[in-house]
Amino acid sequence: MNNIQIFATPWWVNLAIVVPVGSYLLWRKQGLSITWSDLFYATLFAIGFGINEAIVVVYLRSAAGLVSTLYQPAQLVGTLPQTEVYREAATILVLVGVSMLAAKNTRDRWVFFLWTFAFWDIFYYVGLWLAIQWPPSLLTQDVLFLIPVPWIAQVWFPLLVSLLAIIAVLLNRTSRANDTTSGRQE
């Protein structure tokens, strides 16, 4: 596929772009008091989890008899085993759990969720590429999520949303010379 497709399906998946933009706008008055060290450790977790998730997907699809390097989203949707839905739900639970552990208030938990989700998503695709050299292009279509229905878009779309989430956090993070919120010095 050589043509960029601007819109994902179903239509409401396109609203994902609003999440990092809206979060940025909500955070800009007060800024974010998240330490660099907390962001670093959350990033390490998310990178490892994203690559691990990619390897799990390769194994699950291989066990289900799917050829991961040649599938088309329309063909894949009807053939994915129910374990894929369970895996996706478990992934969100893990990211929520880590966010709950990383912060004490709802606002900061949302920050950590977006941050870890963004790095997890980016490194999920890095992991797939390292494992099976897929996707061959950012214009390749993918099944992004299955809950409540399959979300389909080109790979550039979730990567853009993830990059915007990272930028939203970084632009709103307030620097403090002596940051002791998490008990660590920056």
Side-chain angles (χ1 to χ4, degrees), residues 1-26 46-47 49-100 106 109-129 131-168:
M1 176 174 292
N2 295 327
N3 297 326
I4 192 165
Q5 292 178 337
I6 302 298
F7 298 107
T9 56
W11 69 268
W12 45 264
V13 172
N14 297 290
L15 298 176
I17 206 86
V18 173
V19 173
V21 173
S23 296
Y24 167 80
L25 294 172
L26 287 172
I47 289 171
F49 189 47
I51 292 171
N52 185 65
E53 182 89 1
I55 302 308
V56 167
V57 165
V58 169
Y59 279 119
L60 279 175
R61 292 184 183 173
S62 177
L66 301 171
V67 181
S68 299
T69 56
L70 300 175
Y71 70 80
Q72 294 294 320
Q75 297 166 329
L76 186 64
V77 169
T79 61
L80 286 173
Q82 186 65 27
T83 53
E84 284 275 352
V85 174
Y86 300 149
R87 179 193 54 78
E88 287 185 347
T91 295
I92 298 303
L93 286 176
V94 168
L95 293 173
V96 167
V98 165
S99 302
M100 299 295 280
T106 303
R109 287 173 174 161
W110 179 244
V111 171
F112 277 106
F113 179 80
L114 282 183
W115 184 264
T116 56
F117 188 94
F119 277 98
W120 163 81
D121 203 21
I122 291 167
F123 280 89
Y124 169 76
Y125 285 109
V126 168
L128 284 175
W129 197 88
I132 59 172
Q133 287 69 55
W134 191 93
S137 158
L138 295 178
L139 300 179
T140 302
Q141 281 204 327
D142 189 22
V143 178
L144 308 180
F145 207 60
L146 294 167
I147 302 169
V149 295
W151 306 14
I152 299 173
Q154 290 179 328
V155 172
W156 67 265
F157 181 75
L159 295 178
L160 174 64
V161 173
S162 294
L163 287 173
L164 289 174
I166 292 167
I167 290 167

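Between Pro10 and Trp151, the shortest heavy-atom contact is CD-CA, 4.1 Å. Minimum interatomic distance between Ala165 and Ala118 (heavy atoms only, all atoms of both residues): CB-CB, 4.1 Å. Listed here is the closest heavy atom pair of Leu146 and Glu84: CD1-CB, 3.8 Å. Across all their heavy atoms, Ala54 and Gly127 have their closest contact at CB-C, 3.6 Å.
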>> Show, in sequence, the C-alpha distance, side-chain angles and deciding distance for Val126 and Phe123, and conclude whether the side-chain contact (heavy atoms from CB on, under 4.5 Å) test is met.
In response: CA-CA 5 Å; Val126 168; Phe123 280 89; 4.0 Å; yes

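Atoms CG and CG, from Leu159 and Asp142 in turn, are 9.5 Å apart once rounded to the nearest 0.5 Å. Here the CD1-OH distance, from Ile147 to Tyr86, works out to 10.5 Å after rounding to the nearest 0.5 Å. Taking CZ of Phe119 as the reference point, atom CZ of Phe49 lies at 16.0 Å (rounded to 0.5 Å). Interatomic distance, Ile55 CD1 to Tyr124 OH, rounded to the nearest 0.5 Å: 10.0 Å. Within the model, atoms CD1 of Ile47 and CH2 of Trp120 stand 14.0 Å from one another, a figure rounded to the nearest 0.5 Å. For the atom pair CG (Leu138) and CG (Leu160), the distance works out to 11.0 Å, reported to the nearest 0.5 Å.
Two residues are said to be in side-chain contact when any heavy atoms from C-beta on lie closer than 4.5 Å; Val161 and Val19 fail this criterion. Side-chain contact between Phe157 and Leu144 is present, with heavy atoms from C-beta onward closer than 4.5 Å.
Note: Phe112 and Trp115 fail the aromatic proximity criterion, with ring centroids not under 6.0 Å apart.
No side-chain donor-acceptor contact under 3.5 Å links Gln141 to the backbone of Ile152.
Residue pairs meeting the side-chain hydrogen bond (donor to acceptor under 3.5 Å, both in side chains) criterion with at least one member in residues 8-26, sequence neighbours excluded: Ser23-Trp110. Within the structure, every pair that satisfies the side-chain hydrogen bond (donor to acceptor under 3.5 Å, both in side chains) test and touches residues 156-167, not counting sequence neighbours, is listed here: Asp121-Ser162, Gln154-Trp156.
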Could you go through residues 91-100 and list every donor-acceptor pair under 3.5 Å that involves a side-chain atom there, pairing it with any protein atom two or more places apart or in another chain?
unit_1	atom_1	unit_2	atom_2	d
Thr91	OG1	Glu53	OE1	3.1
Thr91	OG1	Glu53	OE2	2.7
Thr91	OG1	Arg87	O	2.9
Ser99	OG	Leu95	O	2.8
Ser99	OG	Phe113	N	3.0

